[in-house]
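For reference, the structure is listed below as C-alpha cells.
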Amino acid sequence: MKLKIAIYWGAACGGCDVAILDTHEKILDIAAAADILLWPVAMDFKYADIRRLEDGYLDVAFFSGAIRNSENEEIARLLRRKAKTMIALGSCAHTGGIPGLANMYGRDEILDRVYRSSESTVNPEGIVPEERYMAGTDEELELPRFYNNVRPLDQVVDVDYYIPGCPPASMQIYSAIGLIADDMLPKKGSVIGAGDRALCDECARKKGEKTINRIYRSHEKVPEPETCFLEQGFICLGPATRSGCGSRCIKSVIPCRGCYGPLDDVKDQGIKMLGAIASVLEPKDEKSINAILDTIVDPLRTVHRFSLAASILRRKKA
Amino acid sequence: MMKANGKSEGLIRLEIDGRTVSVPDGSTILDAAKLLGIEIPTLCYSPLIEPYAACRICSVEVEFSGGKRRIVTACNYPVWEGIKVYSDNAKVRRIRRMIVEMLLARCSSVGVLKDLAAKYGIEEVRLEKQEEKCILCGLCVRVCAEVVGKAAISFAGRGLHRRIATPYDRETEDCIACGACALVCPTGVIRVEDTEGRSVAHEELQLGPPKAVTVPFLQAVPNAPYIRVDRCIHFQTGGCGHCAEVCDRDAIDYEMKDEEIEVDAGNIIVATGFELFDPSVMGQYGYGRYRNVLTSLEFEHLNSASGPTGGRIMLANGDAPSVVGIVHCVGSRDQRYHEYCSKVCCMYALKYAHLIKEKTKAEVYNFYIDMRCSGKGYEEFYDRLLAEDVRFVRGKVGEISHVPIGEGEEGKLVIRVEDTLVGIVRRIPVDMVILCPAMKAQPDAKEFSRVFSCSVGRDGFFIEKHPKLAPVSTTTEGIFIAGACQGPKDIPETVAQGAAAAAEVLSLIDRKEIEIEAATAVIDEERCSGCRICNTLCSFGAISFDEQKKVSVINAALCKGCGTCVAACPQGVIKARHFTDRQIVSEIEGILR
Amino acid sequence: MKRIAIDPITRLEGHGKIVIFLNEQGQVDNAFLQIPELRGFEKFVEGLPVEEIPRVVTRICGV
Amino acid sequence: MNFEPRIVGFLCNWCSYTGADLAGTARIKYAPNIRSIRVMCSGRVDPVFVVKAFAEGADGVLIAGCHPGDCHYQEGNYKALRRYLLLKRVLPEYGIEPGRLRLEWIAASEGERFAQVVNEFTEQVRGFGPMNFKDSLLESMKNDVMIHGEPETQATGEQR
C-alpha cells in the first residue's frame, strides 16, 4: 500500500519544501512510495479536497512553518485530524524558527511598523488588514487573523515527530521518509532525521578546553580555520544544537546558529547555551565579567535565533 | 690541627720544651706545639688565613743544631729538622710580658689583654694608658681580603694613628655584611648591625652575626645543616669555602641546585603549619624599635639550650633582666587583625614565666585578656604559677614605650595597660617584653588549596570536611590535613591530628578500595558530543577528555557532586545523581503550585 | 451572485486565496486576492546585529 | 488583598542552606515568601531553573551561595556569578525586571544575614508587583483564536 501524505506550510518560507525537492532524483522514490494528497508548492490540491477526506485517512502530514495566523492554525488542526502521523518539518514548526523572533513584539507593534511607520511604507490612508471585509453589500470576505504570538506546531496540535533544521538537510528528510515507509519510527515525540548528539560531534574543527575572555563578532576577527569557533570567542551554538545538518554553516565558516534545535532533555536551548557560555568565562570578579558580557551583542536573540517561540518563556512579557 | 695540605712527603722531627714531635714539612712551630698540646698565646693568628706575625705574642726561642739561639714567632716560623723550641722559658716570658704591657697601654680595658696580663703577672702598666679597643692585629682586614675576597676594611694611618677603616671612612658597598670580621676579632670591637632592618640584631639577639651554615631548628627532620645562600660568603664573593675544606665527608657541594622531585602518591597529608603574626604592624608595641621587645619565638630561641646564649636569658646588652612583661593576644582576639584565639599562647606564656623565674629570679608580669588553660594539667600549672608569685594583669596592653615619666622608669620599657580588674591604668616598667603573636595561616594557603583542591576558610586556615565527623579529612578524597594549617593548636593536638591523618591514610591503603561520593555527576557517553565546555569547570580535575572516543568523561572517584558541569552542559548529557534537572524542575513546579 | 474560491492558490511561494464573484450573467463582477503572508520581519529585524540581517531575511522566501 | 510575592530560593548546601537553617534554629523570623530549593552548590543552578521558576509563577528568584573564596567546591560560586550576570542582561529582553533575580553570598554562620536578605528581597519584589507569567502569557494569546473553524483543545507543546 502506498503511503498517503500531505505536505503543508504554515508561516514558512518554502525552504523546507525546496529541501524535499532537493532530494533530486530520489524524489521519484518518494513519489513511488507515496501518494501526495496536498502540497501547495508543487501540486494542485485544495483545502476542500482535504476536508472531504475521512479523519485519519492520511498516513502522514508534514507541516512546515510556524503558527502565525488563524489560517496556519486551521490547516494544522485540519491535517492533524486527517493524518495518522503529524510531523513538524523544519525549525519553524519545530521551535518557531525565524518567524518566532516576532515574539519579541506584540501584534500591534508589528502591524504598526509594517503598515504605517516603516520607511518604505506608502499608506496615506492608513489601511491595515481587516479580518472581515464586505465585498459589496452582502458578501463577506475573511482574512486570517494575524496572531499576537508565533507558536511552534506542537503548541497548537499534537505532534508525533519532528524533523528539525532551517532547512532540514534533504537527505535527512529522505531518510525520515524511509523510516515512515519501513514503519521503523521511534517512540512518539522523537526528533527524527537528525543526530542524538550535539553538532560538535560532527564538526571537524579541533576542540580544546575552553576559556573565553571576550566575544567577537564576525567582522572583528578572521576565524582561524581549524579551531572551534567558541574557543576563538565567536558565539557558536553547536554545543547546544542537535547534529544532523552536516555542519554546513561551519563548513562555510559561519558558527552554528542553532537551527537544529535542542537535544533531548533540554528544555531551553538558548538559556542552556547562555549558561554554558557564562560558565567558561575566565574572570571571577563582577567588573571583568561584565566587561566580557558587554561584548555579547543581543544575547537573547543570538541564542534563541530559531527557538525563541519554543523557549520556556516563549516571548517578551507584555 | 692544621691539615697537611699535601706536603707530607717528609716528616720533620723537632723538640718543644723537651718533648719530641714529628710534623709534616711546611708546618709551623705553632702547629707542632698544638700537636703536643702546648699552648702558645696568639692574637693575630687565625687558622683560616695566612700567618701574619704582627702581634709577636707567639714569640718562642729556637735553638738550632749548632746551639745558636733565636727568638722567632711561632705562628709563621717553619719547622726545621732537629731544632729545639722553648715556648715558655724566662726569656720568652719576658718578651711576651713587654708585648702585653705595650698593648695594654694602648687598650687598657680589652679582655683578652687583661687575661694575658694576669697570666704574665703584669700589675702595673708603666706606659701612658689609652682606651683603644682595637689592638691592630689585622685579623679583620686579612679575613676580609683573604677569606671573603673583598676589601671592605683595611689599615689606615701610620704609627700612632694607625687604625682600621672602611675606604674613606664611608659606608661601603664592598661590605656584604657577612660578619666574618666580627667573628675573628679577638677584642669584640667589631659589631655587625643591620642598618636597614632589625633582622641581624633580633635573629641571633645581637650575640653575633648570623651563621650561613645552620640547622633549621633542633628538631628538624632531617636534622642536617644547610647553607643559607643569601648569607654565605662563598655564594656572594666566590671566596671562603672553608666549610668544604674542613668537612671530612666531602658533604658540601656548592654546585648543588634546588630540584623538583615528582612523587606518585595516592594520599597526601597537608601539614604546612602556620606563620607567626608580625607584631611590627602594631606600632604601639615597639617591636622592631626596641631591642628588648621580642616575639615568643625569639624568646624561645634565646631560652634554648642550643640557642645563641646557651639558654641564658639576657637583654641586648648582655645583662639579665630583672622585670619581664609577657603580652598575650598580640594580633589575636583582635578585630583589627585576627578575631580568633591562638589557643597556645596562654600556656607557653606560663611556661616562659616559670622558666624566667627559675633562671633569672626576675619578676614576671603576664598581661592577658582571659587565661585559657583548658587541657590536662593546664589549670593546675596556672595555679602553681600564681603560687610562684608571677604577676597577672588582666587587660590589653595599650602601649610599650621607652619614654620615662615616673620614678623607676628610667632606662626601662614602660608597659601601659588598663588593669580591668582594678579599673585603673597602670604603667609598669620592665626590662624585657615578650609578645605572644597570633598564629596565622600561611600566606600562600589559598594558592596551595587550589593545588590540593581543599578549601580555605575566611581565617585562611584549611577547612576540614566535617568539624566532628571528619576532622582531618578534606573535601577531596585522599587529601588530609593535620596540625596548625587547619587552625591554631598546640603540640599534643597536632601530634594527635598527625596520627589521625596517618591512620586515615593507612586505613585507605589497607582497604585497597575507596568509597566515593554517591551524588556525583555522570556523563552519558553515548550522547556527549565532545564540545569540551565542561572540561575547565571542575575544580577537582574530575573531568577529562577521552581523545579516543572524543567524549568528556567524569572520574567518579574525584567528582564531589557540586553539579557545576551539569548546569553548564548545553546538551543536558551530564546528570547530577540525586540532583537531576528533572528533580529540581519538579521541585520548582511543586513549590509554585 | 456566484462565488468561486481558489483556496489555496498553489505552485508558487506563499499563501494565497482568490475569491471571484460572478454576476447573474456568469461574468466576473469582482475578484479578490488574499496574501496572508505577513510575518513581521520589518519589525523583528530591528536591533539585530547587522551581520545577522542577510541570514535572517533569507527566511522571507526560501523557494 | 495584599500581594505576597512568591520567591524561589536556590540555596547551596554548605553555606546558604546551612545559614537558612541557622536562622531557623536561632529563631530569627523572616519573610515566609521564600520557598527554598537545596542544591549542592550555587554552581548547580542552571539558568534554565531560573527561567523555569519565573515561567511557573515565581515573582522573584534568589540564588545564594558561599562567599567568594569560601565555596565548598572552590569555584562553583564564581560560575554562579557569571551565569547570574548574563541572566540579568537577558531578563529585561523577556520583559522581566532584572531586580527580580538576586544573587547573594550567605555563609553558614550568617543566619541573621539570610533573614535580612530574604526580607529585603521580598520587599524589593513586592515593589515590582506580581509577575504572573502564566496569566500574562494566556492574556497575550487571548485573541489568538481561529475566527472560523471549530476550536479544539489546545496542545501545549510540552511533550517535546
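Below, chains carry the letters A, B, ... as their sequence lines are ordered, and counting in each starts from 1.
Using a 4.0 Å cut-off between a side-chain N of Lys or Arg and a carboxylate O of Asp or Glu, B/E587 and D/R35 do not qualify as a salt bridge.
Using a 4.5 Å cut-off between heavy atoms, B/A521 makes no contact with chain D at all. Interface residue D/F10: only side-chain heavy atoms are found under 4.5 Å from chain B. Using a 4.5 Å cut-off between heavy atoms, D/C71 touches chain B through its backbone atoms (N, CA, C, O) alone. With a 4.5 angstrom heavy-atom cutoff, D/R83 touches chain B only via side-chain atoms. No part of D/V48 comes within reach of chain B, as not one of its non-hydrogen atoms sits under 4.5 angstrom from that chain. Neither the backbone nor the side chain of D/H67 has a heavy atom closer than 4.5 Å to any heavy atom of chain B.
Each of B/V585, B/I463, B/L537, B/I584 has some count of heavy-atom pairs under 4.5 Å with chain D, and the biggest count is that of B/I584.
Pairing each heavy atom of D/K79 with each of B/S539, the nearest pair is NZ-OG, 4.3 Å. Scanning all heavy atoms of the two residues, the minimum distance from D/E56 to B/E589 falls at CD-CG, 3.6 Å. Taking all atoms of both residues into account, the shortest heavy-atom contact from D/Y73 to B/F540 is CA-CZ, 3.6 Å. Across all non-hydrogen atoms, the minimal contact from D/C41 to B/T564 is SG-OG1, 4.4 Å. The two atoms that bring D/I37 and B/I588 nearest to each other are CD1-CG1, 3.6 Å, heavy atoms only.
Applying the 6.0 Å contact sphere to OH of D/Y17 captures no more than 12 heavy atoms from other residues, nucleotides or ligands. Residue B/R511 qualifies as enclosed at atom CZ: its count of foreign heavy atoms under 6.0 Å is above 12. When the shell of 6.0 Å around CD of D/Q116 is examined, it contains more than 12 heavy atoms from other residues, nucleotides or ligands. For B/E526, the CD atom is loosely surrounded, since the number of other residues' heavy atoms within 6.0 Å does not exceed 12. Applying the 6.0 Å contact sphere to NZ of B/K489 captures more than 12 heavy atoms from other residues, nucleotides or ligands.
Within the 4.5 Å cutoff, side-chain heavy atoms of B/D581 are placed close to those of D/R44.
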